[in-house]
Trainee: 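Below you'll find the structure I mean.
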Amino acid sequence: MTVGVRDDALAAGGVPNGAGGQRTDSAARHLGWRQRNARWTKVSAMLEVRLSVGSMRCRHCVREVTGWLRDVAGVQTITADANTGTVVLGGTMTVADVLAVFAGSGYTARVVDAAPATAT
């Protein structure tokens with residue numbers, strides 16, 4: 001790692017260093033880098049997937065479906081609502097992996113929306 005990384009080096013994909021200052025840190029965060037324990041790491045883009053799950057109308061169904069989805073690689077957050085039959089997933093998973101969970105089950109899942117998660 002070189003000392004004094006400039007913003008144009010970040011734009012070219014360079015890794016920022018601790019001596020970069022606020023402007024460099026801001027540029028690094030904009031490009032998807034995060035600092036944890038004084039080390040910079042590249043963070044994968046979070047995806048938010050909203051599903052409509054047919055026949056998921058009770059707490060037992062919610063527990064069953066969320067249990068399956070918890071095992072999908074990359075799933076970090078799950079919010080399920082039995083009243084509306086919707087599930088919202090957050091993480092770095094693929095939509096194909098999420099839908100594969102429902103193959104052969106009594107539930108039908110349909111993707112309502114899949115987009116990068118917004119920062120809060």
Side-chain angles (χ1 to χ4, degrees):
M1 192 178 300
T2 60
V3 178
V5 173
R6 297 182 352 217
D7 290 353
D8 57 348
L10 288 173
V15 179
N17 65 14
Q22 182 179 8
R23 189 167 167 198
T24 301
D25 291 348
S26 174
R29 285 187 177 84
H30 175 72
L31 293 171
W33 291 90
R34 297 294 181 264
Q35 189 174 24
R36 289 196 179 94
N37 299 330
R39 300 183 99 171
W40 287 94
T41 56
K42 183 73 173 170
V43 178
S44 299
M46 286 274 294
L47 182 67
E48 183 176 282
V49 177
R50 183 176 305 273
L51 302 172
S52 174
V53 181
S55 305
M56 188 182 75
R57 298 289 180 219
C58 67
R59 289 187 319 192
H60 172 267
C61 298
V62 167
R63 282 192 301 270
E64 188 173 34
V65 168
T66 57
W68 296 337
L69 292 170
R70 225 173 314 171
D71 294 335
V72 174
V75 171
Q76 296 174 358
T77 62
I78 303 172
T79 306
D81 185 355
N83 294 328
T84 60
T86 59
V87 177
V88 179
L89 303 170
T92 57
M93 67 283 166
T94 65
V95 174
D97 288 344
V98 170
L99 293 177
V101 167
F102 295 96
S105 72
Y107 300 97
T108 56
R110 180 178 57 86
V111 177
V112 176
D113 186 32
T118 56
T120 55

Trainee: Between atom CZ of R59 and atom CD of E64, what is the distance when rounded to the nearest 0.5 Å?
Mentor: 15.0 Å
Trainee: Taking S52 for the side chain and V112 for the main chain, is one N or O donor matched with an acceptor at less than 3.5 Å?
Mentor: no
Trainee: side-chain contact (heavy atoms from CB on, under 4.5 Å), that's the test. Do V88 and V49 meet it? Break it down for me.
Mentor: CA-CA 6 Å; V88 179; V49 177; over 6 Å; no
Trainee: Are the side chains of T108 and V53 in contact, using a 4.5 Å heavy-atom criterion?
Mentor: no
Trainee: Over all heavy atoms of both residues, which pair between V62 and A80 is shortest? Give the atoms and the distance, please.
Mentor: CG1-CB, 3.7 Å
Trainee: For the residue pair A114 and V95, what are the closest heavy atoms and their distance?
Mentor: CB-CG2, 4.1 Å
Trainee: Kindly compute the distance separating CG (L89) from CD (E48), expressed to the nearest 0.5 Å.
Mentor: 9.0 Å
Trainee: Of the non-hydrogen atoms in T86 and M56, which two are nearest, and what is the gap between them?
Mentor: O-CE, 3.7 Å
Trainee: Identify the two heavy atoms, one from R57 and one from N83, that lie closest to each other, and give their separation to 0.1 Å.
Mentor: NH1-O, 3.8 Å
Trainee: I need the minimum non-hydrogen distance between A109 and F102, along with the two atoms involved.
Mentor: CB-CD1, 3.5 Å
Trainee: Minimum heavy-atom separation for R63 to R70, with atom names?
Mentor: O-NH2, 4.3 Å
Trainee: I need the D71 CG to D97 CG distance, nearest 0.5 Å.
Mentor: 12.0 Å
Trainee: Please report the C-alpha distance between W68 and V98 in whole Å, then the side-chain angles of each, then the deciding distance to 0.1 Å, and finally whether the side-chain contact (heavy atoms from CB on, under 4.5 Å) criterion is met.
Mentor: CA-CA 9 Å; W68 296 337; V98 170; over 6 Å; no
Trainee: Let's go through L47 and T94 carefully: what are the C-alpha distance in whole Å and the side-chain angles of both, what is the deciding distance for side-chain contact (heavy atoms from CB on, under 4.5 Å) to 0.1 Å, and is it a yes or a no?
Mentor: CA-CA 8 Å; L47 182 67; T94 65; over 6 Å; no
